[in-house]
Amino acid sequence: MTWQFTLTGLLIGGLVGLTGMGGGSLLTPILVILFGFKPTYAVGTDILHGAIFKSFGAVRHRRLGTVHARLTLWMFLGSGPMSLLGVALATHLKHVYGDSVQSFEAYAIGVALIIGGFGLIAKTFIKRGIQPSDDPFIMSTRDRWIAFTIGAVFGFVVGLTSVGSGTFFGLVMVLVYPLTVPKIVGTDIFHAAALLWVAGAGHLIAGNVDLHAMFWLLLGSIPGVLMTSQLTLRLPDRSLRLGLATVLILSGIKLVNTPGADYIVLTGFVVGAIVFATWGVHELRQNRAALATDPPLS
């Protein structure tokens, strides 16, 4: 099974290129639900794949000057060590309880996906802290401690479940820090890459990574993100993010295995597809109408 992994990587890379780094959250539930991976191995493979994959974006944003280095450092001081604690907990439970712990890990991933899905919805609509100009942001002592705490809390979640490196941190930065959109995106991606390298190394040492699957995933995901990030004709961004959030929430419900989960997921996908298609058509019509009313250039 190789081309299936490459196709999955292409899908993940394409979503990340179109919607931002939140698209990467889909990989763990895909590995668990579609490919039958044990949750612990799905998490480890996803995290190390993300470390390599997101490094391309991190380097690019650093060169563009869209990374707030001090904010990244203070978040990483909390997230790096705590991600290893999450890895250690997952590995300890695996060794102590064996395969029986996989249901706990699946439950934890499911809860994180549901929260991450709602977080992505909030991130789509909330623009509270976004600044129009790129004025220097000097961090106070309070700002540093907030960044450290944010890193510690969500770093642990990422190490345990692989979910949140592209959703939770970006959402909190929007709410707390006065940064422009490029600075939020660049800082989010650069920090995510650094965090995932630490957590990924921990999972690799613990034996929680399927290197064969990771190689074939990268073979699709790297070209996918490079191609879609260069598209001049982009699909409606808000609709894509809401559609992605819906998939994350439904995947979480499936992994949590709530009563009637299969019917909830099926109904959710049908309703979500209808709403997503309707919203997309509406936004495309609005864009066409706006273009039609613009005066021609002389």
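Computed over heavy atoms, backbone and side chain alike; hydrogens, waters and symmetry mates excluded.
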Enter the distance from [X]:[atom1] to [Y]:[atom2] here, rounded to the nearest 0.5 Å.
{"X": "Met214", "Y": "Asp46", "atom1": "CE", "atom2": "CG", "value": "11.5 Å"}
{"X": "His203", "Y": "Leu84", "atom1": "NE2", "atom2": "CG", "value": "9.0 Å"}
{"X": "Leu64", "Y": "Lys183", "atom1": "CG", "atom2": "NZ", "value": "11.5 Å"}
{"X": "Leu196", "Y": "Leu48", "atom1": "CG", "atom2": "CG", "value": "9.0 Å"}
{"X": "Thr40", "Y": "Leu93", "atom1": "OG1", "atom2": "CG", "value": "8.5 Å"}
{"X": "Trp3", "Y": "Trp216", "atom1": "CH2", "atom2": "CH2", "value": "13.0 Å"}

Distance-minimising heavy-atom pair for [X] and [Y]:
{"X": "Phe53", "Y": "Ser221", "value": "CE1-O, 3.3 Å"}
{"X": "Phe169", "Y": "Met75", "value": "CD2-SD, 3.9 Å"}
{"X": "Phe76", "Y": "Val198", "value": "CZ-CG2, 3.5 Å"}
{"X": "Gly224", "Y": "Leu10", "value": "CA-CD1, 3.7 Å"}
{"X": "His68", "Y": "Leu179", "value": "CD2-CD2, 4.0 Å"}
{"X": "Ser55", "Y": "Ala51", "value": "OG-O, 2.6 Å"}

Sorted by chain and residue number, the side-chain hydrogen bond (donor to acceptor under 3.5 Å, both in side chains) partners of Thr141 (sequence neighbours excluded) come out as none
Among residues at least two apart in sequence or on other chains, which ones pass side-chain hydrogen bond (donor to acceptor under 3.5 Å, both in side chains) with Asp143? Ser140
Would you please classify the geometry between the Phe35 ring and the Phe37 ring as parallel, tilted or perpendicular, with 30° and 60° separating the classes? perpendicular
Examine the side chains of Asp210 and Thr45 and answer whether a donor and an acceptor come within less than 3.5 Å of each other. no
Go through the side-chain N and O atoms of Thr66 and His61 and say whether any donor and acceptor fall under 3.5 Å apart. yes
So, does Ser83 use its side chain to make a donor-acceptor pair with the main chain of Val158 at under 3.5 Å? no
Between Tyr177 and Ala147 (side chain of the first, backbone of the second, donor and acceptor by atom type, cut-off under 3.5 Å), is there such a pair? yes
Evaluate Leu11 against Ile30 for side chain to side chain contact (heavy atoms under 4.5 Å, CB included), listing each step before the verdict. CA-CA 11 Å; Leu11 169 66; Ile30 286 176; 4.3 Å; yes
Just do the side chain to side chain contact (heavy atoms under 4.5 Å, CB included) check on Leu211 and Leu204 with the steps written out, would you? CA-CA 9 Å; Leu211 292 173; Leu204 182 63; 4.0 Å; yes
